[in-house]
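Take a look at the structure set out below.
All heavy atoms count here, side chains included; hydrogens, waters and symmetry mates do not. The sequence lines fix the lettering, A, B, ..., with proteins before strands; numbering per chain opens at 1.
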Amino acid sequence: MTFSDFNFDINLFEGLASMGFKTPTPIQAETIPIIQSNHDLIACAQTGTGKTASYLLPVMDAICRMEQRPTISALVLAPTRELAMQIDQQVEGLAYFAGITSMAIYGGGDGIGYEQQRKALREGVDIVIATPGRLIAHMSSGIVRLNEIKFLVLDEADRMLDMGFKDDINRIVREVSSERQTMLFSATMPPKIRAFAKTLLKDPKQVNIAISQPAQGIVQQQYRVGDNQKTPLLKQILQSGDFRSVIVFSSTKEKVKSLGRELSKLELAVQPFHSDLAQEEREQILLRFRNKQLPILIGTDVLSRGIDVVGIDLVVNYDVPPDPEDYIHRIGRTARAERTGTAITFVNSRDSRRFLAIERLMERKVEEAPLPEGIEAAAEVPDHHERRRGNQPNRKRHGGKSKHHQAPKAAHPEGGTTVAATDEKPDSQKKKKKRPFKRRNKGPKPDAPQHVDTPSSEAS
DNA sequence: AAAAAAC
């Protein structure tokens, strides 16, 4: 099957070619004909499967064929600013020859952005991609006309409900003509989403692509660690030089920040990423990360969904995500576009149960990797030896443990990779009690995580 | 146990 089977407008084919799209992905093959035949659609699919293009292409094709275009033809709602931005960029790429206009509408800008958005909404733009809050802000100012919209897309609908956007979405949808065609995409399909979908869609067709199964090309590993072993282990992995594009996830902003400070003391070009950063900074960081100018991001779950960066070889879960589904999303940042990748999770004794829930969701066990030598040694030094001579937090001899590894390859400080110089509280490194480390070692294999390099079979 | 999103 090729894209020409869909009889798209000729200009769209040029966009496809320029974007390097050749063969429809499974979800595209299934979804595009449904949308072309004017049905509502409810689709269970993750990003990276070609989900975005699966709705953009038929929508753009329909827009190309309109004799007269309304002020706004299509509205896409997305949960995060980065995702909205990314969808907009995809429209721009595909629409380059088709003369379709688009605008990402999201908050956090500097005021100029707001005015540009306002102007576009007032004068008309074919496809609007918005986060709900900012769109409502524009609606309140009375300049937005959503009533002529023909296509409404809810992307990452499960996430939007999680984030409490339900009322906002309803408020927006009320303004959109009921003549519209509606498409809802969700990575998961719990009853709550299904019920919500029922209120928005008319007799939808359903498409299911891989509910909770991570991509084939991901090698998953877990390390059983104590809290005090996490950072040394992470350092060793990052300094091994085996990975050139990495995301480290942590569950809170504070931990992301302190980890960023900690790691930037080494010669690692790391950059924290979370919602406390200025939007402009978020955009610059992501751009540099995409361009492989920045090798390591340390982020919250704002990065866990939707963000599609090709070539990430490693995802580290510094802690187990609170929501099992976030795990699937996090590790899905790697092994995209038929590449392979590694996903490593640090599991401490408190996280064991949560990790079991993740394994249950995936219906598979995750291989347990033995801790490398330097880390084991660290665990076996009982802390009271050091502790009783004065209570110095004792932070000066970090990072000297990695003699088994080579100099960091992924550590070119490209330009300023400084950690945001905010006034943070002192490190909250002191844990009340240190649990004895529980290891269930199966055999000595004192090595850094193996990086699997076998290319997956080329599908065509 | 968290994060995200408007001004």
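- Rounded to whole Å, atom C1' of dA1(B) lies 12 Å from atom CG of D326(A).
- If you check every strand for non-hydrogen atoms under 4.0 Å, F165(A) touches a base.
- For the pair D158(A) CG and dA3(B) C1', the interatomic distance rounds to 14 Å; values are reported in whole Å.
- Nearer to the 5' terminus of DNA chain B, by closest-nucleotide assignment, is the contact made by S251(A) (compared with the other of S251(A) and Q279(A)).
- Taking atom CG of D276(A) as the reference point, atom C1' of dA5(B) lies 13 Å away to the nearest angstrom.
- In the set dA5(B), dA6(B), dA3(B), dA3(B) carries the atom at the smallest distance from any side-chain atom of K253(A).
- The CD atom of E325(A) sits 19 Å away from the P atom of dA1(B) (whole-angstrom rounding).
- Within the 4.0 angstrom heavy-atom criterion, only backbone atoms of the sugar-phosphate kind lie near G108(A); the bases stay farther away.
- Within 4.0 Å (heavy atoms only), R353(A) reaches no atom of the nucleic acid at all.
- Legend: side chain to side chain donor-acceptor pair (under 3.5 Å) pairs involving residues 139-153 of chain A, not counting sequence neighbours, sorted by first then second residue: T71(A)-E148(A), R118(A)-S141(A), R145(A)-E148(A).
- The side-chain contact (heavy atoms from CB on, under 4.5 Å) with I72(A) is formed by just one residue from the set D126(A), I127(A), L121(A); it is L121(A).
- Look at R159(A) and you won't find any side-chain N or O under 4.0 angstrom from OP1 or OP2 of dA5(B).
- Put simply, R350(A) has no side-chain N or O that comes within less than 4.0 Å of OP1 or OP2 on dA1(B).
- Using a 4.0 Å cut-off, some side-chain N or O of T131(A) falls inside it from OP1 or OP2 of dA6(B).
- What you find for A104(A) and A84(A) is that their closest heavy atoms are CB-O, 4.1 Å.
- At a cut-off of 3.5 angstrom, counting only N and O atoms as typed in the model, there is a donor on one side and an acceptor on the other between the side-chain of R354(A) and the base of dA1(B).
- Spacing between atom CD of E254(A) and atom C1' of dA3(B) amounts to 13 Å, rounded to whole angstrom units.
- Considering only residues two or more places apart in sequence or on other chains, K253(A) meets the side-chain hydrogen bond (donor to acceptor under 3.5 Å, both in side chains) condition with S275(A), D276(A).
- OP1 or OP2 of dA2(B) has not a single side-chain nitrogen or oxygen of R305(A) nearer than 4.0 Å.
- Residue S275(A) places at least one side-chain N or O under 4.0 Å from the OP1 or OP2 atom of dA4(B).
- When the P atom of dA5(B) is taken as reference, atom CD1 of I169(A) falls 14 Å away, rounded to whole Å.
- For the pair F249(A) CZ and dA4(B) P, the interatomic distance rounds to 12 Å; values are reported in whole Å.
- Ionic pairing of E156(A) and K51(A) is present here: one or more N-O contacts between side-chain nitrogen and carboxylate oxygen are shorter than 4.0 angstrom.
- Between M163(A) atom CE and dA4(B) atom C1' there is a gap of 3 Å when expressed in whole angstrom units.
- Close to dA4(B), at under 4.0 Å from its OP1 or OP2, lies a side-chain N or O of T300(A).
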